[in-house]
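Every value quoted in this text rests on a predicted model; they were computed, and no experiment measured them. A, B, ... follow the sequence lines: proteins, then strands. Residue 1 opens every chain.
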Number of protein chains: 2
Amino acid sequence: MAAMPQFDVVAEVIALQKRFVQAQEFGAARPLDIDRIMDFYAPDCVLWDVVTPLQFAGAQAIRGNVEELFGSLRSLSIKLRDLAVHGDRQLAIARCILELTAVGPRGRTARMTCRITDCWQKENGRWRIIHEHASMPGDLRSGLIEFNAC
Amino acid sequence: MAAMPQFDVVAEVIALQKRFVQAQEFGAARPLDIDRIMDFYAPDCVLWDVVTPLQFAGAQAIRGNVEELFGSLRSLSIKLRDLAVHGDRQLAIARCILELTAVGPRGRTARMTCRITDCWQKENGRWRIIHEHASMPGDLRSGLIEFNAC
């Protein structure tokens, strides 16, 4: 028989996931705060991002990627949708779709729809992300990323 | 304090993940067996695959995608590497890298390196995949998928 669902964990991780996504937004009114973003990742987190390389292993590599991706942008706003969380005592899985609107250094706006799977683990009473998988699907024949798949 | 690690769950899911990957291999010596593959997915599993659309929700949609992707191939062989599993009582996360070698209908060989995150849930004593995220990273400037990222 399955163990009882962990409703408290699910509610807690839903709130955490929303805060984590909000922490990534920035613009004229609120500057980019990389420390705040990094606070959600475990030190040994493995990130598989939309961009190469294949993986970013550990907080230092993840921070470098955040700096590289976000550092040159004027602003990033995010619409979170389809958030679903499964939780156990010390492990939880959150998946969501992010609709990103990024304004580049020369004022050009880019939109993309990303799929995010965040794996949260509770250690010493604190939930952090131990594995993140972010991607966009593509077309294997043309070899092109589909930036706005639906 | 964190709950005790679930060593038995981790060992069980490592074995399941390996069997699940093996079930996807086929060729002259062993025909494609879609029922065997589908047996690992929960009925309400949500798959985010390397190909569009954004998601495949439910076993029927996932089966359609497996038929579409694998049905025209002569063979598919898979090298699994970097398997890591985190487990709790009724929830486990498996991530691994798959090096796929596919031979197409006209005998052309294609190789790609995919990142797989499988979320397993135990229900009625049985582990099944409730969410799978498969992807390859890309280059946001060129818009191209990186089929063989490292």
In the structure I gave you, are the side-chain heavy atoms of A:His133 and B:Trp48 within less than 4.5 Å of one another anywhere?
no

Does A:Leu144 form a side chain to side chain contact (heavy atoms under 4.5 Å, CB included) with B:Leu144? I'd like the steps, not just the answer.
CA-CA 5 Å; A:Leu144 289 172; B:Leu144 289 171; 3.8 Å; yes

Chain B neighbours within residues 112-119 of chain A, where any heavy atom lies under 4.5 Å away
A:Met112, A:Thr113, A:Arg115, A:Ile116, A:Thr117, A:Cys119

Indicate if B:Val21 and B:Ile129 have the same hydrophobic cluster label, given that clusters are the connected sets of ILVMFWY residues with side-chain heavy-atom separations under 4.5 angstrom.
yes

To the nearest 0.5 Å, how far apart are CG in A:Leu54 and CG in B:Asn148?
10.0 Å

One option among A:Asp139, A:Val51, A:Asp82 has the most heavy-atom pairs under 4.5 Å with chain B, and it is A:Val51

Does CZ belonging to A:Arg30 count more than 12 external heavy atoms closer than 6.0 Å?
yes

Interface check, chain A: of B:Val50, B:Leu69, B:Ile130, most non-hydrogen pairs under 4.5 Å belong to B:Val50

Return the option, out of A:Gly143, A:Ser142, A:Ala149, with the maximum number of heavy-atom pairs under 4.5 Å with chain B.
A:Gly143

If you draw a 6.0 Å radius around CZ in B:Arg81, do more than 12 non-hydrogen atoms from other residues or ligands fall strictly inside?
yes

Let me know if A:Ala84 has heavy atoms under 4.5 Å from chain B in its side chain, its backbone, both or neither.
neither

Check the pair B:Met136 / A:Leu140 against side chain to side chain contact (heavy atoms under 4.5 Å, CB included), numbers first and verdict last.
CA-CA 11 Å; B:Met136 291 179 280; A:Leu140 298 186; 3.8 Å; yes

Does any heavy atom of chain B fall under 4.5 Å from the side chain of A:Ala110, the backbone, both, or neither of them?
neither

Count I, L, V, M, F, W, Y as connected when their side-chain heavy atoms are under 4.5 Å apart, and connections chain through other members. Are A:Leu47 and A:Ile97 then in the same cluster?
no

Could you see if A:Trp127 belongs to whatever hydrophobic cluster contains A:Leu80? Use Ile, Leu, Val, Met, Phe, Trp, Tyr and a side-chain cutoff under 4.5 Å.
yes

Heavy-atom pairs under 4.5 Å with chain A are the metric here; pick the option from B:Cys150, B:Pro53, B:Gly138 that has the most.
B:Gly138

Determine, using the 4.5 Å side-chain heavy-atom cutoff (strictly less than), whether B:Val46 and A:Val10 are members of one ILVMFWY cluster.
no

Indicate if B:Leu16 and B:Tyr41 have the same hydrophobic cluster label, given that clusters are the connected sets of ILVMFWY residues with side-chain heavy-atom separations under 4.5 angstrom.
yes

Does CD belonging to A:Gln60 count more than 12 external heavy atoms closer than 6.0 Å?
no

Least distance between heavy atoms, B:Ala92 atom then A:Leu91 atom
CA-CD2, 4.0 Å

For the candidates B:Arg126, B:Glu146, B:His86, B:Gln121, which exhibits the highest count of non-hydrogen atom pairs separated by less than 4.5 Å from chain A?
B:His86

